[in-house]
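To keep things clear, I will list the structure first and then write my remarks on it.
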Amino acid sequence: MADGSAIRGVIAGTGGYLPVRAVSNDELAAEKGLDTSDSWIVERTGIRQRHFAADGETASDMGLAACRAALAQAGASESEVDAVIVATATPDSAFPSTASRIQGALGVTRGFAFDISAACTGFIYALSIADAMLRTGQARGVLVVGTEVYSRILDWSDRGTCVLFGDGAGAVFLRVARDDEAARGLLSTHLHSDGRHGDILAVNGGAGSTGGTGVVTMAGREVFKHAVTKLASAVDEALAANGLGHDDVAWLVPHQANIRIIEAMGRKLHLGLDRVVVTVDRHANTSAASIPLALAEATRDGRIKPGDLVLMEAIGGGLTWGAALARF
Ligand code: UT7
């Protein structure tokens, strides 16, 4: 508990996992026979490479590795985990949930585990749910995970989407703040969706409709326009809700879909790219995993320091979008 009156969740540890195999734009084009070029992909998206899971490597395998790293960084043991919440669009199976598989592999035998579906905004949604559970006393320690194997749901004949995504996992361990941590913690989360725009970024099949998995489809230009306006209003909302301004933000950790969208958000917040965590060049778009992967990288290399105010934002299929503010 932070101040004796309000319970606050602290991001006590972060962890990331990337599959071993990194594939450059040129390698991808050659391997899949795509009519594209490294220069088009770099200029339009900032992506230079992505990682792809090995045969048989699943969202739960990658999520488990990210969770272990997050617990290790937090100095926490499995016995402190009350809940596992996984955001994924690429679960190992409809059930058991990917979260249940991770819980089982961690050897956690109490509490609860479940998946949520909010596409690229999934991590922000999962963080919001975890925060609410801490504040209402349903849990004291929650693993919040984003893990994705988009390489299994891409249409390799659609150069407009298949070059954009990669595989990976990220996790944070969110626990109740201790008495000496009054200044730290998750300040607020802000969730939005507008189902009228569901078709502009979608997976065109699923267990309950086609019986299969389907592939990613996207009206890129339309999504781009929504991204710039909706993310701008979400970050304004998060700062205003806490009486903070852009000067207070130490780091922007955005969803990593396109460097042009990331730069637009940086400009909006008057933050140079030296205060924005960018991984899209090396990871591509790992959907729900992109923010926790970026957090893991920037806390390990010392960019994000204790006390830093970190602003996170994401948009994805649904449409879903949102933002979160946390003091590390
Ligand atoms: O994570 C969820 C959120 N997702 C996003 O935020 C993604 C938002 N959208 C985008 O990032 C961009 O719209 C894209 C990167 C997907 C596309 O960039 P764009 O500048 O909007 O390009 P475009 O779709 O308008 O296409 C421009 C041209 C087209 O050719 P024509 O019609 O002008 O002759 C495309 O066919 O580029 C062509 N094109 C490609 N050319 C080479 C599309 N994909 C490729 C490709 N290589 N991979």
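Remember, it's 1-based here, ligands and their atoms both numbered in the order they're listed. Remember, it's a predicted structure, so these values are computed and weren't measured experimentally.
- For the residue pair Asp236 / Ser233, no side-chain donor-acceptor distance below 3.5 Å is found, with atom types taken as modelled.
- Scored by the side chain to side chain contact (heavy atoms under 4.5 Å, CB included) test, Val276 finds Leu252, Pro254, Ile262, Leu271, Leu273, Val278 as partners (sequence neighbours excluded).
- When each atom of ligand 1 is checked for a heavy atom of Gly220 under 4.0 Å away, the hits are 8 (C), 9 (N), 13 (O).
- Under 4.0 angstrom from ligand 1, the non-hydrogen atoms of Thr36 come from both its backbone and its side chain.
- The atoms of ligand 1 that sit less than 4.0 Å from any heavy atom of Gly160 are 44 (N).
- Between the side chains of Thr88 and Thr98, no donor-acceptor pair is found at a separation under 3.5 Å.
- Checking atom 38 (C) of ligand 1 against the protein gives a heavy-atom contact under 4.0 Å.
- Annotation for ligand 1: atoms under 4.0 Å from non-hydrogen atoms of Cys120 are 1 (O), 2 (C).
- Near Arg260, meaning under 4.0 Å from one of its heavy atoms, ligand 1 places the atoms 18 (O), 19 (P), 20 (O).
- In summary, the side chains of Glu313 and His190 do not present any donor paired with an acceptor at a separation below 3.5 Å, with no hydrogens or angles considered.
- For the pair Arg50 (side chain) and Val23 (backbone), a donor-acceptor distance under 3.5 Å is present.
- Here salt bridge (charged side-chain N to carboxylate O under 4.0 Å, His left out) pairs that include residues 31-44, with residues two or more places apart or in two chains, are Arg21-Glu31, Asp35-Arg159.
- Only the side chain of Leu201 comes within 4.0 Å of ligand 1, judged by heavy-atom distances.
- Contact check on Arg303 versus Glu297 returns a salt bridge, with a Lys/Arg side-chain nitrogen under 4.0 Å from an Asp/Glu carboxylate oxygen.
- In Phe224, the parts holding a heavy atom less than 4.0 Å from any atom of ligand 1 are both the side chain and the backbone.
- Contacts of Ile261 with ligand 1, taken as heavy-atom pairs under 4.0 Å, involve the side chain alone.
- Checking atom 34 (O) of ligand 1 against the protein gives no heavy-atom contact under 4.0 Å.
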